Each structure stands twice: as C-alpha cells, then as structure tokens.
J.: 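Here it is, the structure in full.
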Amino acid sequence: MVTKFSPRFIALLTKPAGTVLLLQACQSLPPLTSLLRFTGIVFDNSEPCFVFQPHVLHQQPRPQPPPPSRLAPVTAICQTVLRSGYQRHPLLDGPRRLLREMPITVPFSTSRSHRNDSSSSSTPTTRDASRASPYSGVAKLQQRSRNDSGHATVAEAATAGGRAMDDNGGGDLRTDAGYRQSRRAAAREGKPVMPQRGQFVDWAQLRVRGGRGGPGRVAYEPVGRGRHLGASGGSGGGGGDVIIRANNSTTSLYGILPVLVGSAGSAGGAGGRTGARGADRVLDVPVGTMVRIWQASAAGNSAEAGDDVEDWGDAVADYGHPVHQEAEIFSSSEDEGESEADFHSASDEGEQREGDGRSRFAIGDRPPLPPHGAANLRFTSPPIVEVELTQAGQVLVVARGGSGGRGNQAFPSLAGRPAPSECERGTPGQEFWVRLETRLLADVGFVGLPNAGKSTLLSAITAARAKVGSYAFTTIRPQLGTILYGDGSRLITADIPGLVQGAHANRGRGNAFLRHIERCRCMAFVLDLSGGESTAHHAAGFQQSHTGAGAGGDGAAGRGRGPDTRQRQTRSHAAAGNDGDGAGVAAAHGNDGDDGGEAAAKALIGVVPLPPAEQLRVLQEELRMYNPELLAAPALVVANKLDRCSEPRVALRDLMAATPLPIVPVSAAHSVGLNRLKDALRVIVRPGTGGSET
Ligand SMILES: Nc1nc2c(ncn2[C@@H]2O[C@H](COP(=O)(O)OP(=O)(O)OP(=O)(O)O)[C@@H](O)[C@H]2O)c(=O)[nH]1
Ligand SMILES: [Mg+2]
C-alpha cells in the first residue's frame with residue numbers, strides 16, 4: 001500500500017527528520033499515518049507527493065510502569081501538591097477519602113526532613129538533640145502535654161514517621177509493614193506518633209493563605225506597522241479563597257495539610273480582558289467543628305520550643321507583613337529587575353506574551369511553617385474569630401484571596417502623551433493561623449475515671465481494639481466503636497479518656513475530653529465496682545517506686561513546668577489510699593518502656609481510689625460544672641469489674657441507693673453481662689426498641 005499526501009507537507013518533509021519527527025510535526029495528519037513510514041518523494045503530475053508505506057513505528061516495547069503499590073496514588077498526589085506549592089490538585093478535591101484513609105507520610109517526611117537538615121546544619125535543634133538522646137517516657141508525656149488533647153497532627157506525626165524511617169534505616173513507609181515499624185520506633189522513642197488510619201483526630205492547626213491576585217497587563221491596541229492606539233491591558237484575576245466547609249460525610253480531622261493556599265489569579269490579558277479568578281481551596285471538616293483564627297503574626301511562643309525558638313522566630317518575622325500590602329505600581333520601563341520587567345512588558349506592536357503569572361506567584365508563595373511544625377504553636381492572644389460550624393453545608397471563608405492588579409488600561413491616558421505603560425501586581429491574599437477542633441458524634445459515650453475499664457469495655461462489645469493498660473491515662477484520645485445488633489441495627493460508642501476531679505477546670509486535660517461528651521447523645525458512666533482496689537494498688541506502687549527506685553522518673557518529671565508541688569501532694573494522696581502491696585506492680589511497671597510517662601501522669605494528676613457511688617458523684621459534678629445541660633442526657637451506670645469486687649451485692653446496693661440511674665453490673669474483662677449492657681444501651685439511645693441479645 002502506498003499513501004500519497006498533498007504538497008502542503010513539503011516544508012515539513014524537506015527537513016532531514018526521521019519519521020517520528022515527521023509525525024510529531026504533522027499533527028494534522030490522519031491517525032492512520034502513525035502506522036506509515038515515509039519512504040520518499042515521487043512526482044505525480046509534476047507535483048511532489050510523499051510516499052508512505054505501512055509500518056509500525058514503535059517497534060520497541062514501551063517500558064511498562066511498575067505495578068502500583070497501595071500508597072502510590074497518595075504519594076503521587078502529595079508529591080504533586082508539594083511540587084506545585086500546595087496549590088490545588090484536581091485529585092485532592094475528588095477522592096478526599098483516599099487521603100483520609102491512607103497514611104500520607106512519605107512526601108511530608110522526606111521534604112520536611114530535608115528542609116530541616118539543610119536549614120539547621122550549624123545549630124542543633126531539639127530534633128537533633130532527640131536523636132542523640134531519645135526521649136524518655138516522661139519527655140514523651142511532656143511532649144504530649146504541649147497539646148491540649150495530647151496527640152500529634154498529621155504534620156507532626158508525618159515528621160515523626162519520617163524520622164523514624166531515617167533513624168532506623170530499615171523502615172520503608174511505603175509498605176504497611178514499614179509503616180507499623182516506623183510507628184513502633186517513634187513510640188519507643190517517645191516521639192509523637194502519627195494517628196492511625198481511621199483513628200479519630202479531633203484537632204489540627206494549619207496555616208491558610210488566600211491566593212495572590214493576578215498581575216495587570218501592559219498591552220496596546222495594535223493598528224499595524226508597529227503603531228498602536230491606546231492601552232488595552234486588562235486587570236489580573238482575584239486570588240482564590242481558602243474556605244472551610246462543614247460536611248456530614250467527614251468525621252475526623254485526619255489528613256489535613258499543614259498549609260492551605262488558594263490559587264493565584266491569572267494575569268490580565270490584552271484587549272481589556274480580565275484574568276481568571278484563582279480557584280478556591282475548600283477544606284471539608286465535620287459538622288460541629290470549632291474554628292479559631294489568629295492573625296498570621298500572632299503565634300507567640302511554644303511550650304517547648306527549645307533550640308528551635310530562634311529558627312522559628314525568624315519564621316514568624318517572615319510572616320510579619322500586613323495582610324494586605326498596598327498595591328504596588330510599577331512600570332516596565334523602570335529598572336526593577338529583569339524578571340519582573342520581562343514579565344510585564346509588552347512590545348510596541350502590542351504582542352501578547354502569555355505571562356506565567358500563576359506559577360511565578362503561586363510557587364514559592366507557600367508560607368513557611370515554623371521548624372517544628374504548626375501543630376506545636378501556642379497562641380498567646382485570643383483568636384480574632386471563633387465560630388462553630390453547626391450545620392452541614394455551612395462555609396467559612398478563612399482567608400480571602402488578594403485582588404488582581406490593574407492593567408495599563410485602567411491608568412489615565414493623557415492627550416498627546418504616549419499610552420500609559422503602568423500596571424499593578426496583584427495583592428497577596430489574607431494569611432492566618434487556624435485551629436480546628438471537632439468533637440465526637442456518638443450515640444453513647446463511656447465516661448469514667450481513669451482505669452475504670454472503659455477501653456476494655458469498648459473492646460469487649462465492639463470490634464474496636466482500644467489500648468488497655470493497668471495504669472491511668474492509657475487512653476489519651478477518644479476512640480469510636482460500633483455495637484452491631486442481631487437485627488442489623490448499630491450503635492456508635494465512644495471511649496473517652498478518663499476524667500479526674502477538677503476536669504472542668506482543665507485538670508488532666510479535662511476540657512479536651514469533656515467537649516467530646518457534649519456531642520454524645522447518651523452517656524454510660526463506667527465505674528469501678530471494686531472501689532478502685534486495683535487503682536489503689538497502682539497508686540501505692542507508683543508511690544513506692546517514686547520514693548525509692550523510681551527516682552529517675554522523678555527527675556525527669558521535674559524538668560516539666562514546676563510539677564514538684566503537685567507531685568508531693570499526689571504522693572500524700574497516694575499514701576492515703578495505699579492499702580499496701582504495691583511493690584510488685586511497681587516492679588512490673590519498671591519494665592515497661594512507658595513507665596516514666598505513666599508515672600509522671602499519675603504524679604501530675606493523682607489517682608485516688610474511690611467507692612463507686614463517690615466515683616459517680618465526682619463524674620456528675622464535673623459534667624455539671626462544665627455544662628449543666630450534659631446531665632440532662634439519657635444515661636446509665638455500668639458497674640464494671642464485678643469479678644474483682646469482694647462484696648458485689650453490698651456495692652451494688654450502695655450504688656442503687658446513691659443514684660436513680662439504671663445500673664448494669666458487668667465484668668468487661670471476663671465478658672460477663674455484656675449482652676444485657678448492649679440491650680440497655682439500645683434502650684436508652686432509642687427508647688422503644690429492645691430485645692434480648694442473649
Ligand atoms: N478484673 C478486671 N479487670 C478489669 C476489668 N475491666 C478492666 N479491667 C482492667 O482495668 C485496667 C484498666 O482498664 P482500661 O480499659 O485501660 O481502663 P480505662 O478506663 O480505659 O483507663 P484510661 O484509659 O486510663 O481512662 C486494665 O488492667 C484492665 O485489664 C474487669 O472487668 N475485671
Ligand atoms: Mg482507656
């Protein structure tokens with residue numbers, strides 16, 4: 001088969017190019033030509049024609065892309081986001097679930113560690129110091145106590161994951177095994193641990209900045225022969241806003257990026273065309289999220305910034321410019337740097353050069369974060385905005401994009417003078433710090449003192465696997481579980497970290513935990529029916545270990561902000577509740593890698609054994625002091641640790657005398673009475689339903 005083409009391709013074919021080049025150049029050729037090979041020129045009726053013969057051009061096998069790993073899509077997205085300066089990526093708006101569900105450790109950890117390494121080569125940072133001497137358990141507690149609710153955000157945790165990978169060498173975060181390994185390593189060293197996939201993350205801090213407005217254009221109305229009429233450069237488009245939107249399908253603040261920037265507006269065009277507005281950046285948060293906003297320069301100090309303070313101070317200084325700078329007017333004729341002049345100038349013929357306004361102003365416009373991450377910032381002043389998004393669909397514009405600069409068309413042209421050659425840059429977008437706090441949405445919240453067995457109960461009646469420990473404050477972040485019933489119905493239950501006396505005044509980080517209870521429809525007060533016998537043992541063990549062998553823990557705790565007095569008080573408490581026999585427990589704790597943290601927790605908060613009725617009174621009192629409406633919610637009492645109680649009948653009778661609430665005796669550890677409890681929970685959550693699960 002021979003195919004002939006008309007002479008209009010002569011110019012292309014006379015180039016000494018290979019066939020592939022030919023096909024690339026002749027994009028207007030029919031697709032058939034991709035299977036043809038140019039073999040020569042013939043003259044047909046004295047017109048040159050070009051001869052093609054059938055031929056498969058790509059005979060070499062194309063390199064096959066490697067099989068996609070599970071993390072590949074996320075990695076690709078994040079890397080793209082990083083490359084483009086956190087600008088909008090089409091995939092980010094679509095499968096957000098993907099981002100939420102998958103750990104996004106790789107890109108952040110690598111980029112952040114690079115940045116840190118390069119920026120702090122001379123000054124050792126806290127992070128470097130931690131490498132030299134890994135955190136002790138107490139340091140871990142202090143690290144946690146910097147944050148209200150004590151957990152790491154994605155940024156922080158991603159850093160931890162990255163460091164864990166670096167430190168261990170073997171941890172490959174692209175695999176599940178590597179991810180687990182890095183988590184374990186970070187936890188061992190007391191570093192902040194990334195929330196696991198699906199785990200409830202209840203707060204996040206991030207930096208937001210509206211997109212910069214697009215620059216105006218200098219252009220002229222051409223009339224030919226190098227002459228032009230008046231100015232015709234249009235204005236730049238406005239920058240995109242950063243918007244927070246309440247969304248029913250979002251349940252957690254997991255996976256929120258530490259920096260969000262709206263897209264920059266496009267440059268103005270010739271003929272008076274205004275540039276396109278930059279895309280908004282929308283962040284979906286759960287309904288009920290509290291949004292607090294601070295000025296960009298308001299971040300005052302850090303609880304434990306250590307060596308990082310200097311670096312961070314610089315970073316804050318960088319932020320210290322006014323939110324809206326005055327519009328800057330400049331002329332292409334002025335000598336103000338080659339790149340800007342190049343970018344905004346237009347030739348006399350009115351030639352339009354497509355300015356790369358977006359990339360020039362968007363990339364590199366990403367605000368830097370303090371060296372140790374936005375999550376560790378503390379704000380000394382009250383927020384300028386504090387608002388709760390209470391309904392799905394509510395939106396809050398947290399940072400407006402800048403306005404576009406005016407083109408030369410907008411400047412006055414004086415008679416007899418050359419057309420104006422001035423234009424403006426777009427203004428930068430608003431810039432703020434934002435703290436998001438959300439609360440659990442659960443049917444039933446387990447409320448109890450530390451060590452009452454809430455997590456054991458959650459693990460026993462749902463498929464959730466909550467961490468259980470024979471010490472107070474095992475749970476530091478709420479966890480959800482679902483009770484499944486035989487008829488297909490289900491209840492969402494929440495294990496809320498233990499409350500202590502004085503929680504309403506934020507003792508033991510009580511506020512961070514109490515706010516979750518506000519969003520639970522019903523409450524189950526989990527009490528230790530054994531009257532805290534086990535707790536008494538541990539308190540005693542702690543007391544002994546810290547007056548004797550546990551001196552190391554003492555010293556470490558003493559590095560905190562003056563816990564000594566409280567510690568002494570706690571010791572006397574513990575001694576008061578001490579019924580002896582604690583040394584064995586203390587020894588067992590001594591083998592635990594977390595001992596320092598747990599011991600310090602007890603030291604700071606105090607663990608005092610209480611009879612069940614007294615436990616209930618303390619809990620109800622705390623709820624009343626925090627928000628009296630909480631006590632109006634339907635509730636029942638779960639009398640746990642039935643097996644441990646020496647006089648269960650007496651204890652239950654006393655409890656019944658103390659409260660009118662329904663009481664369900666159970667032993668979570670031995671799965672006694674759990675079906676009855678499930679039935680009772682369903683009855684209080686949905687009155688009218690019921691039925692025995694047994
Ligand atoms: N004997 C007995 N021990 C129990 C029972 N339920 C829980 N425990 C033990 O009590 C200790 C504390 O249990 P957790 O479930 O961690 O208690 P928690 O209320 O979640 O404690 P925090 O998370 O610190 O608030 C663990 O050692 C459990 O094994 C029970 O029914 N019987
Ligand atoms: Mg717990």
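These numbers come from a predicted model, not from an experiment. Note: hydrogens, waters and symmetry copies are ignored here, and every other heavy atom, side chains too, is used. First listed ligand is number 1; within each ligand, the first listed atom is number 1.
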J.: Quick check on contacts: which atoms of ligand 1 are under 4.0 angstrom from a heavy atom of Ser667?
T.: 30 (C), 31 (O), 32 (N)

J.: Find all atoms of ligand 1 within a distance of less than 4.0 Å from any non-hydrogen atom belonging to Pro450, and give their numbers and elements.
T.: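 Answer for ligand 1: 25 (O).
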
J.: Just to verify, which of Val683, Leu681, Leu661, Thr659 counts as forming a side-chain contact (heavy atoms from CB on, under 4.5 Å) with Leu636?
T.: Leu681

J.: Hey, does the side chain of Asp528 reach the backbone of Lys641 with a donor-acceptor pair shorter than 3.5 angstrom?
T.: no

J.: Rounded to the nearest 0.5 Å, how far does CZ of Phe446 lie from OG1 of Thr493?
T.: 5.0 Å

J.: Could you list which atoms of ligand 1 come closer than 4.0 Å to a heavy atom of Gly498?
T.: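 Reading through ligand 1 atom by atom, the close ones are 25 (O).
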
J.: Report, as a single number, the protein N, O or S atoms less than 2.8 Å from the Mg ion (ligand 2).
T.: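 There are 2 of them.
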
J.: Kindly confirm or rule out an N or O of Val468 lying under 3.5 angstrom from an N or O of ligand 1.
T.: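 Val468 vs ligand 1: no N/O contact under 3.5 Å.
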
J.: Hey, what do you get for CG (Leu206) to CD1 (Ile244), rounding to the nearest 0.5 Å?
T.: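 Here the rounded value is 6.5 Å.
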
J.: Is Asn640 touching ligand 1 with its side chain, its backbone, both, or neither, if touching means heavy atoms under 4.0 Å apart?
T.: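 Under 4.0 Å from ligand 1, Asn640 contributes side-chain atoms alone.
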
J.: If the test is salt bridge (Lys or Arg N to Asp or Glu O under 4.0 Å), which one of Arg490, Arg521, Arg682, Lys678 qualifies with Asp443?
T.: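 It is Arg521; the other options fail the test.
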
J.: Heavy-atom count check: over 12 atoms from other residues, nucleotides or ligands less than 6.0 Å from Met290 CE?
T.: yes

J.: Got a sec: does the CD of Gln620 have more than 12 other heavy atoms crowding it under 6.0 Å?
T.: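 Yes, the 6.0 Å shell around CD holds more than 12 heavy atoms from other groups.
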
J.: Examine the proximity of ligand 1 to Lys454 and report which part, side chain or backbone, both or neither, has a heavy atom under 4.0 Å away.
T.: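 The answer is both.
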
J.: Nearest 0.5 Å please: distance from the CD atom of Glu622 over to the CG atom of Asn627.
T.: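 Glu622 atom CD to Asn627 atom CG measures 13.0 Å (nearest 0.5 Å).
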
J.: Less than 3.5 Å between some nitrogen or oxygen of Val666 and one of ligand 1, yes or no?
T.: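 No, no N or O pair falls under 3.5 Å.
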
J.: Roughly how far, to the nearest 0.5 Å, is the CG atom of Leu458 from the CG atom of Asp495?
T.: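 Reported to 0.5 Å precision, the distance equals 5.5 Å.
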
J.: Hey, is Gly448 one of the residues with a heavy atom under 4.0 angstrom from ligand 1?
T.: no

J.: Considering Val672, Val447, Thr456, which one's heavy-atom position lies nearest to atom 13 (O) of ligand 1?
T.: Thr456

J.: Counting heavy atoms only, name the option from Thr475, Leu449, Asp643 that's nearest to atom 1 (N) of ligand 1.
T.: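 Checking each option, the heavy atom nearest atom 1 (N) of ligand 1 is found in Asp643.
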
J.: Just to be sure I read this right, does ligand 1 sit under 4.0 Å from the backbone of Leu457, its side chain, both, or neither, counting only heavy atoms?
T.: neither

J.: May I ask you to decide if Ala613's main-chain N or O and Asp654's side chain share a donor-acceptor pair within less than 3.5 Å?
T.: no

J.: Which of the atoms in ligand 1, numbered in the order shown and given with their element, are less than 4.0 Å from a heavy-atom of Asn451?
T.: 11 (C), 12 (C), 17 (O), 18 (P), 19 (O), 21 (O), 22 (P), 24 (O), 25 (O)

J.: Between Glu518 and Arg515, does any side-chain N to carboxylate O distance fall below 4.0 Å?
T.: no

J.: Any N or O on Ala668 sitting closer than 3.5 Å to an N or O of ligand 1?
T.: yes

J.: Which heavy atom of Met523 sits nearest a heavy atom of Val444, and at what distance?
T.: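 Closest approach of Met523 to Val444, heavy atoms only: C-CG1, 4.4 Å.
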
J.: Just distances here: any N/O of Leu642 and N/O of ligand 1 closer than 3.5 Å?
T.: no

J.: Over all heavy atoms of both residues, which pair between Ser530 and Arg644 is shortest? Give the atoms and the distance, please.
T.: OG-CD, 3.7 Å

